[in-house]
> 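I'd like to ask you about the structure that follows.
Atoms considered below: every heavy atom in the structure, side chains included; atoms not considered: hydrogens, waters and symmetry mates. FYI, the numbering just counts along the sequence from 1.
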Amino acid sequence: MEKIVIRNLVENDIPDIADIQIERWKNDYKGIIDNHYLKLMIGIKLLKKEKKIIKKTVTL
């Protein structure tokens, strides 16, 4: 059994988190929104959002 470690988000995690969310959205909106456009749109929003979360976490 693998050991699960729960830790706070760090800035280096942002690209992986964004990729996971983008893949989920690509599956949800397949055939509705072009995947290239969707990846660009979501990726930019997620990076901004996650950086705000990190800033809040660091200042606490």
Side-chain angles (χ1 to χ4, degrees):
M1 180 177 218
E2 287 186 48
K3 182 178 178 182
I4 298 174
V5 177
I6 299 174
R7 62 175 173 75
N8 289 328
L9 174 74
V10 295
E11 191 167 358
N12 289 340
D13 295 331
I14 293 172
D16 293 328
I17 292 169
D19 287 343
I20 292 166
Q21 292 182 339
I22 288 167
E23 287 304 312
R24 190 194 79 218
W25 279 53
K26 282 170 58 176
N27 288 328
D28 292 346
Y29 292 98
K30 186 176 182 174
I32 299 171
I33 298 175
D34 180 70
N35 282 342
H36 179 72
Y37 175 75
L38 185 62
K39 185 173 181 177
L40 290 173
M41 178 182 70
I42 296 168
I44 291 168
K45 286 184 177 184
L46 289 174
L47 288 173
K48 289 179 182 178
K49 178 182 174 183
E50 298 302 333
K51 284 185 179 183
K52 286 180 185 177
I53 291 170
I54 288 174
K55 286 181 182 178
K56 286 181 183 178
T57 304
V58 171
T59 58
L60 293 178

> For N8 versus D13, what's the shortest heavy-atom pair and its separation?
O-OD2, 4.2 Å
> List for me each residue that meets salt bridge (Lys or Arg N to Asp or Glu O under 4.0 Å) alongside D34, sequence neighbours excluded, and say none if there are none.
none
> Could you tell me which residues satisfy salt bridge (Lys or Arg N to Asp or Glu O under 4.0 Å) with D16, sequence neighbours excluded, listed by chain and number?
none
> Check side-chain contact (heavy atoms from CB on, under 4.5 Å) between I20 and all other residues, then give those that pass, not counting sequence neighbours.
none
